[in-house]
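Everything on this sheet refers to the single structure shown next.
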Amino acid sequence: DTHGVRRRRAQKRDRRQLGSSESLRLRQVSESAIIFRFNFRGGLLSYVVCCGVVDGLHGLLNSIQTPVGDRPDVERLAETSLAFLNCVIDLACDKNGPFAKNSAAPDSTQLAEALKATELLGITSLLYALLLHAGAPRDGSVPAEMRSSVVRLATRAIRLINSAAQFDLKMVQVDPDSRRDE
């Protein structure tokens with residue numbers, strides 16, 4: 001009888017030890033998964049920047065000097081490019097990510113440098129081309145109604161500026177003339 005009690009206690013003790021070691025193992029696995037996810041994210045961002053994707057899309061967006069309403073293929077490409085770049089920046093500034101503001105890790109992806117070098121991907125020029133293609137409205141005149149495609153592109157461009165500001169506010173606030181002196 002006492003042997004049965006000892007055996008049950010030993011089994012209980014073994015289950016507790018197994019549970020605590022299992023808990024420790026799961027915690028180690030989850031920490032490894034988090035580190036892998038951060039390394040993968042950083043690697044993906046670095047790849048996008050280093051392969052010239054960001055520079056190429058900057059060139060595309062910067063080349064748009066007139067409204068794109070009569071060129072639906074360019075319009076779709078610009079909209080898709082803006083959405084992709086927005087995803088890239090959002091991935092970089094995920095508050096749980098390795099490049100969060102609270103993180104001590106430097107931006108090893110060079111995304112911030114790419115954004116600075118391309119003057120925020122040429123978004124300002126794109127917005128001028130989309131919104132002010134007919135010039136500034138004259139006093140008393142009513143501006144022409146914008147096409148929905150122009151509004152959609154402008155909205156995407158403004159969202160991209162917002163994402164860039166969340167990523168690095170000082171970079172977005174820098175005066176472009178002061179960059180030329182560097």
Side-chain angles (χ1 to χ4, degrees), residues 36-137 143 146-182:
F36 172 77
R37 190 180 74 204
F38 288 161
N39 288 340
F40 179 76
R41 181 183 301 171
L44 179 64
L45 291 171
S46 294
Y47 182 77
V48 167
V49 173
C50 292
C51 284
V53 174
V54 172
D55 288 331
L57 293 177
H58 161 254
L60 168 80
L61 296 174
N62 212 28
S63 69
I64 298 174
Q65 300 296 318
T66 59
V68 293
D70 57 334
R71 298 177 298 177
D73 54 336
V74 174
E75 180 182 316
R76 279 192 307 275
L77 184 58
E79 188 172 353
T80 305
S81 299
L82 288 170
F84 174 76
L85 291 167
N86 201 0
C87 288
V88 167
I89 294 173
D90 284 348
L91 186 65
C93 69
D94 179 13
K95 62 183 164 190
N96 297 321
F99 313 113
K101 290 299 174 191
N102 298 335
S103 175
D107 178 19
S108 61
T109 65
Q110 300 300 311
L111 181 61
E113 291 301 317
L115 292 173
K116 286 177 191 174
T118 59
E119 293 185 0
L120 199 55
L121 304 165
I123 298 298
T124 307
S125 301
L126 176 68
L127 285 171
Y128 275 123
L130 292 173
L131 302 175
L132 298 175
H133 62 90
M146 283 191 258
R147 298 170 67 152
S148 62
S149 60
V150 171
V151 173
R152 203 171 44 248
L153 272 175
T155 302
R156 286 216 185 261
I158 291 169
R159 283 185 185 145
L160 185 64
I161 292 172
N162 185 41
S163 293
Q166 289 175 1
F167 179 64
D168 190 346
L169 182 61
K170 289 182 181 181
M171 174 194 58
V172 175
Q173 292 177 332
V174 170
D175 180 19
D177 293 330
S178 68
R179 282 192 196 135
R180 291 186 187 121
D181 296 337
E182 292 179 354

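Sequence positions, counted from 1, serve as the residue numbers for this chain. FYI, side chains are in, hydrogens and waters are out, and symmetry mates aren't considered; it's all heavy atoms of this structure.
The distance from atom CG of L131 to atom CD1 of I158, rounded to the nearest 0.5 Å, is 7.0 Å. A distance of 5.5 Å separates CD1 in I161 from OG1 in T124, rounded to the nearest 0.5 Å. Put simply, CZ on R76 and CZ on R71 are 12.5 Å apart, with the number rounded to the nearest 0.5 Å. If you take CD on E75 and CD1 on I64, they are separated by 9.5 Å, rounding to the nearest 0.5 Å. Here the OG atom belonging to S163 is positioned 13.0 Å from the CG atom belonging to D168, to the nearest 0.5 angstrom. Going from atom CG of L61 over to atom OG1 of T118 covers 9.5 Å, rounded to the nearest 0.5 Å.
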V54/H58 under side chain to side chain contact (heavy atoms under 4.5 Å, CB included): CA gap, chis, key distance, verdict = CA-CA 6 Å; V54 172; H58 161 254; 5.6 Å; no

message = Apply side chain to side chain contact (heavy atoms under 4.5 Å, CB included) to residues I123 and L82 and explain how you reach the verdict.
response = CA-CA 9 Å; I123 298 298; L82 288 170; 3.5 Å; yes

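Among all heavy-atom pairs drawn from L111 and A92, the shortest one is CD2-CB, 3.6 Å. The heavy-atom pair separating L127 from A157 by the smallest distance is CD2-CB, 3.8 Å. Here the closest heavy-atom approach between residue S81 and residue L57 is recorded as OG-CD2, 3.3 Å. In terms of heavy-atom proximity, G122 sits nearest to N62 at CA-OD1, 4.1 Å.
For the side-chain contact (heavy atoms from CB on, under 4.5 Å) with L160, the lone residue among L126, D90, L85, L120 that qualifies is L85.
Listed for the T80 side chain is no donor-acceptor partner under 3.5 Å among the backbone atoms of L77.
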